[in-house]
Amino acid sequence: METESEPYVRLASLRQLHQVMADMNTARSLADTLQTVADGAVHALGYEMAAVNLVRQDGDLVVAAFSGNSAAEALITGRVGSRESWDRRLNMGERWGDLVFIPHTEGWVLDDDDVPQWYTDGPAPRFEDEWHPSDRLFAPMYTPGVQGGNCGELLGVISVDRPRNGRRPGAWGREALQMYAFQAAIAISNARLRANMQRALVRLERDQQALRASEESFRQAFEYAPSGMAIAEMGGDQHGRILRSNDALCRLLGRPASAMRRYSFADLVHPEDVGTLLRTSAEGGRAELRLGRRDGTYVWVSLRNSVVADAADGPRFLLTHVEDIEERKRRELQLAHRASHDSLTGLPNSAELRSRLSARLCQRPAHAGALDSLDAAYGHPAFDVPAGHGFDFTPGTDGFDAYDHHVHTVAPEDGRDDGTKGLAVLFCDLDGFKSINDRFGHNAGDAVLIEVARRLSNGVRDGDTVARLGGDEFVILADGLGRADAQDLAVRLRNEIIQPIRAEGRAVRVGASFGIGWAHCGMTADEVLKSADERMYVEKRSRPKQHRRAG
């Protein structure tokens, strides 16, 4: 490309160099770009061999491409030289602009380092600028935009050997190699950028495919889940509003999806379960409550929340799983009912009766005797206690704690009706029931008990309790009655019971004896029942036997 006496460049050589540079920038991959750089140094710049040494992420340089000698290519391509050895090369020898030329007189010190190299044989130079087989010429490549070996980040090194004219490059040859290295650095950087972008696009597409697959899986799991699912807003003015509900939830509540979007779960929950819903944690809570159907009925559900978080904005949506537990709740209620109710008559049993009665009574305070003594000594109450309230002495304190949560149960005065209303306890014992069992069998006796239970239940007010204590004994708890009211109730119930009863195809009659006791705080449930039972026996003995049962 250049003669010693008259520097000139043939147009064909420039065209060839231009074509190589164009090929470098249009190569399809980084590997093709690197090989094009190596081939261009041989075919366009006139060297017999060229290698492209590329800086790796760890800083060492690998022989990434080789051109001009297949044997040398097979030997050193892919081998790695340490960055330390390369730095020593680039900091010794002669500086030709950005190029580094190490003459054979100095390069012998590099023969045994770890940089991959190809040794060529040949005669010793016959004149001063003749190329020696051990001469080395390196063209460092720096990151684009920076030209100058002391400023840019090293991208790689083009190493060339044995110019075809046998001479060391002159001014134009050096300038051409330096410009070539600069353009090669741009092409390699662009190829790397394209490769990184391509990998990023592949990863993005893969991630998008995975996201689409995940979204589709979630959609199918959401839509076709056998139990109810809903997505609701979190935060803001529309917090809790249902954004999306699946078919199972719509069927469970009898509401179309379009209508569900007008509600939040707070709108649908049973009024008695609002507190349960509010106590349920919005970040993963669980609750059992009732939700309203379109027809006005309610269904028991297990409601479980979890948060669908957004990586940038934090929690955004609430995913709610709704499971129908109506059948389980029905079984639980049935079991609870069986435990607290008589299996024959369906009335509350003895345990339930005592529980309801005890819930109305508070025990007599331990210090009540002392207060009574003070009353007697001073002629007036030791404490001015408002009606319907009491005090309880708490050990370890300096005072009394008021029963602000409890209204005391009181009883009318004995022997007179002063208008006081109390909790009447009517103890009922059937007269003549044993003879029905003996004469007609237990089936007839059971039929009588069932009918008596029905008549007693129909004869009291809503809110009163009719319980079967056992055998042929029944107890009625009727609150808010005076003495005359309780006696009238006993007469009415007795008149209902003595009416003929159909049992096993025949009409039978039983009588009833009633004892009326009064519950008041300071008594236990057993004491109240015992009192009513004793009064019942007094009443039973006071009537002639022939009047205890009609017909």
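Computed from heavy atoms alone, side chains included, the values below leave out hydrogens, waters and symmetry copies.
Around atom CZ of Arg461, more than 12 heavy atoms belonging to other residues, nucleotides or ligands sit under 6.0 Å away. Heavy atoms of other residues, nucleotides or ligands lying less than 6.0 angstrom from CD of Glu223 number more than 12.
Of all heavy-atom pairs spanning Phe433 and Leu430, the tightest one is CB-CB, 4.0 Å. Shortest non-hydrogen contact noted between Ala339 and Asn349 is O-ND2, 3.1 Å. The two atoms that bring Tyr298 and Arg293 nearest to each other are O-NH1, 3.7 Å, heavy atoms only. The nearest pair of heavy atoms linking Ala257 to Ser245 is CA-OG, 4.1 Å. Here the closest heavy-atom approach between residue Ile498 and residue Gly511 is recorded as CG2-CA, 4.0 Å. What you find for Ala225 and Ala248 is that their closest heavy atoms are O-CB, 3.5 Å.
In this structure, a donor-acceptor pair under 3.5 Å is absent between the side chains of Asp526 and Thr524. Asn305 and Thr320 share a donor-acceptor pair across their side chains, judged by distance under 3.5 Å alone. Using modelled atom types, one finds a donor on one side chain and an acceptor on the other under 3.5 Å when comparing Ser264 with Asp267. A donor atom on one side chain and an acceptor atom on the other are not found under 3.5 Å apart for Thr345 and Arg468. Between the side chains of Asp431 and Ser513, at least one donor-acceptor pair of N or O atoms lies under 3.5 Å.
Salt bridge present: Glu451 and Arg455 bring a charged side-chain N and a carboxylate O closer than 4.0 Å. We find that Glu272 and Arg290 are joined by a salt bridge, their nearest charged nitrogen and carboxylate oxygen being less than 4.0 Å apart. Salt bridge annotation for Arg330-Glu326: present, with a cationic side-chain nitrogen under 4.0 angstrom from a carboxylate oxygen. Electrostatic pairing of Arg219 and Glu216 counts as a salt bridge here, judged by a charged N lying under 4.0 Å from a carboxylate O. The residues Arg454 and Glu496 are annotated as not salt-bridged, no charged nitrogen and carboxylate oxygen being separated by less than 4.0 angstrom. Using a 4.0 Å cut-off between a side-chain N of Lys or Arg and a carboxylate O of Asp or Glu, Arg328 and Glu323 do not qualify as a salt bridge. Between Asp58 and Arg56, at least one side-chain N (NZ, or NE/NH1/NH2) sits under 4.0 Å from a carboxylate O, which counts as a salt bridge.
Rounding to the nearest 0.5 Å gives a distance of 5.5 Å between CZ of Phe265 and CG of Leu303. If you take CZ on Phe427 and CG on Asp533, they are separated by 4.0 Å, rounding to the nearest 0.5 Å. Going from atom OG of Ser542 over to atom OH of Tyr537 covers 14.0 Å, rounded to the nearest 0.5 Å. Here CD1 of Ile186 is found 11.0 Å from CG of Leu155. Values are rounded to the nearest 0.5 Å. Taking CG of Leu252 as the reference point, atom CG of Asp247 lies at 11.0 Å (rounded to 0.5 Å). With rounding to the nearest 0.5 Å, the separation of CG in Leu268 from CZ in Arg255 is 5.5 Å.
When atom types are taken as modelled, the side chain of Arg338 and the backbone of His341 share no donor-acceptor pair closer than 3.5 angstrom. Not a single donor-acceptor pair under 3.5 Å links the side chain of Ser531 to the backbone N or O of Glu527. A donor-acceptor pair is defined here as one N or O able to donate and one able to accept, closer than 3.5 Å; such a pair exists between the side chain of Asp60 and the backbone of Arg83. Formation of a donor-acceptor pair under 3.5 Å by the Ser355 side chain with backbone atoms of Ala351 is not found in this model. No donor-acceptor pair under 3.5 Å is formed between the side chain of Asn246 and the backbone N or O of Tyr224.
The shortest distance between side-chain heavy atoms of Thr33 and Asn190 does not fall below 4.5 Å. Put simply, the side chain of Leu477 does not reach to within 4.5 Å of the side chain of Arg360, judged on heavy atoms.
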